[in-house]
**Q** 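Dumping the structure here so I can ask a few things about it.
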Amino acid sequence: GRGIRIEGLVKRYGHGDTAVDALKGVNMHVAPGEVVGLIGPSGSGKSTLLKCLGAVIDPTAGRMTLGDESIFDNGWKVRDLRALRRDKIGFVFQAPYLIPFLNVTDNVALLPMLAGIPNAAARAQALALLTALDIQHRAEAMPSQLSGGEQQRVAIARGLVNRPPVILADEPTAPLDSARAMAVVRILNDMASQFQTAIIVVTHDEKIIPTFKRIYHIRDGVTHEEAGEGRSLS
Ligand code: ADP
Ligand code: ADP
């Protein structure tokens, strides 16, 4: 695949005098295997960009390509947006949204199960990620029994378990301490290089910003690319 490509993306909310152009022609490219940061002040358009890429809202104009597939070209090219979201895109949201009546393992194993992987194999896949995120001791717990940081790690495992070609992460490390935040960054980088995943991380987290090799700054609906420090993770 060719990762993520966005060209001239425009998103207008509302109409006429009260219209807001949240994205004013955004260009962005994330190669397979790459983890890039997306940084910008509140109201700059970060959520809007992630929602467009995640096929959660409709862009107004522009082009988006995921892998080899043109998914949007001044209109959706994909017939089944639900299948696109389920099979191609891993979401790691700020608020974990775990399913309250499933335990930790089944929250993570649910997506592979729905994709047709046998239950035992799906649970094994879930447990491997939970172990990498150092939360395997909570595998049998219910979401309501977890701290905010623990819930966030479970939500990260869930976003990664299907090995989607694209991962969109919105403040994935916000509630985590330094060691756990760096563990999350390491897992995202490992995922990217092992499975050739293209990953966009929206973040304000000063602990992890120095780890990106490339950063997009967004301001007032326009992106600017810049080289990051790419500081080593070990
Ligand atoms: P960020 O995620 O960087 O805080 P947003 O993408 O949420 O930025 O918002 C970008 C701009 O679009 C802001 O001016 C915001 O008020 C506006 N906006 C976001 N969502 C909507 C909406 N549903 N309707 C109208 N305006 C919106
Ligand atoms: P986030 O935590 O992602 O930055 P916000 O708190 O900015 O989200 O916004 C919460 C929700 O309200 C989002 O779905 C966003 O699209 C919507 N929203 C943001 N700004 C506006 C606005 N000016 N008018 C209507 N909806 C908005």
Side-chain angles (χ1 to χ4, degrees), residues 3-30 34-66 71-76 78 81-82 84-85 88-98 148-149 151-152 155-156 158-160 164 166-176 181 184-185 188 197-228:
I4 302 167
R5 190 173 288 282
I6 299 168
E7 287 170 340
L9 201 72
V10 173
K11 174 62 185 180
R12 168 167 294 190
Y13 290 111
H15 307 274
D17 291 350
T18 57
V20 175
D21 284 333
L23 302 178
K24 300 175 179 167
V26 165
N27 299 310
M28 203 168 172
H29 175 242
V30 189
E34 203 181 19
V35 182
V36 306
L38 177 63
I39 296 173
S42 184
S44 59
K46 304 180 298 295
S47 308
T48 299
L49 179 54
L50 280 196
K51 286 179 201 168
C52 288
L53 251 182
V56 178
I57 61 173
D58 299 335
T60 305
R63 278 185 291 278
M64 300 194 294
T65 305
L66 287 191
I71 61 164
F72 187 92
D73 190 350
N74 293 302
W76 289 107
V78 183
L81 293 180
R82 286 180 56 170
L84 175 77
R85 290 194 287 264
K88 297 284 176 67
I89 303 164
F91 295 97
V92 178
F93 289 120
Q94 206 168 350
Y97 300 119
L98 300 175
Q151 289 185 21
Q152 184 65 11
I156 290 165
R158 188 181 52 186
L160 307 186
V166 168
I167 289 172
L168 307 176
D170 192 0
E171 297 284 0
T173 60
L176 305 179
V184 167
V185 171
L188 291 175
T197 315
I199 303 181
I200 298 176
V201 181
V202 171
T203 191
H204 292 103
D205 189 343
E206 300 291 344
K207 301 189 292 292
I208 71 167
I209 288 172
T211 67
F212 298 110
K213 294 197 184 75
R214 220 149 58 74
I215 292 174
Y216 284 92
H217 288 270
I218 183 164
R219 195 168 194 99
D220 231 344
V222 181
T223 45
H224 303 279
E225 184 189 335
E226 145 179 323

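Every number for a ligand or one of its atoms is a count from 1 in the order of the listing. Hydrogens, waters and symmetry mates are skipped; everything else that's a heavy atom, side chains included, is used.
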**Q** So, regarding Val20 and ligand 1 (criterion: nitrogen or oxygen to nitrogen or oxygen, under 3.5 Å), is there a contact or not?
**A** no
**Q** May I ask you to list the atoms of ligand 1 that are less than 4.0 angstrom from any heavy atom of Ala22?
**A** 10 (C), 11 (C), 12 (O)
**Q** Against heavy atoms of Pro41, which atoms of ligand 1 measure under 4.0 Å?
**A** 3 (O)
**Q** Could you establish whether Gly45 and ligand 1 come within less than 4.0 Å of each other, counting only heavy atoms on the residue side?
**A** yes
**Q** Check each atom of ligand 1 against the heavy atoms of Lys46 and keep those under 4.0 Å away; list them by number with element.
**A** 1 (P), 2 (O), 3 (O), 4 (O), 6 (O), 8 (O)
**Q** Roughly how far apart are Ile6 CD1 and Thr65 OG1, rounded to 0.5 Å?
**A** 9.5 Å
**Q** Output the list of atoms in ligand 1 that are nearer than 4.0 Å to some heavy atom of Ser44, sorted by atom number.
**A** 1 (P), 3 (O), 8 (O)
**Q** Passes salt bridge (charged side-chain N to carboxylate O under 4.0 Å, His left out), Lys11 versus Asp21? Steps please.
**A** CA-CA 6 Å; Lys11 174 62 185 180; Asp21 284 333; over 6 Å; no
**Q** Set out, in order, the CA-CA distance, both residues' side-chain angles and the distance that settles side chain to side chain contact (heavy atoms under 4.5 Å, CB included) for Leu188 and Leu160, then state yes or no.
**A** CA-CA 9 Å; Leu188 291 175; Leu160 307 186; 4.0 Å; yes
**Q** Is Gly43 in polar range of ligand 1, meaning some N or O pair under 3.5 Å apart?
**A** yes
**Q** Do Thr48 and Tyr13 have a side chain donor and acceptor closer than 3.5 Å?
**A** yes
**Q** Can you tell me how far the CD1 atom of Ile71 sits from the NZ atom of Lys88, to the nearest 0.5 Å?
**A** 9.0 Å
**Q** Which atoms of ligand 1 sit under 4.0 Å from any heavy atom of Thr48?
**A** 5 (P), 6 (O), 9 (O)
**Q** Are any of the side-chain heavy atoms of Leu23 and Leu49 separated by less than 4.5 Å?
**A** yes
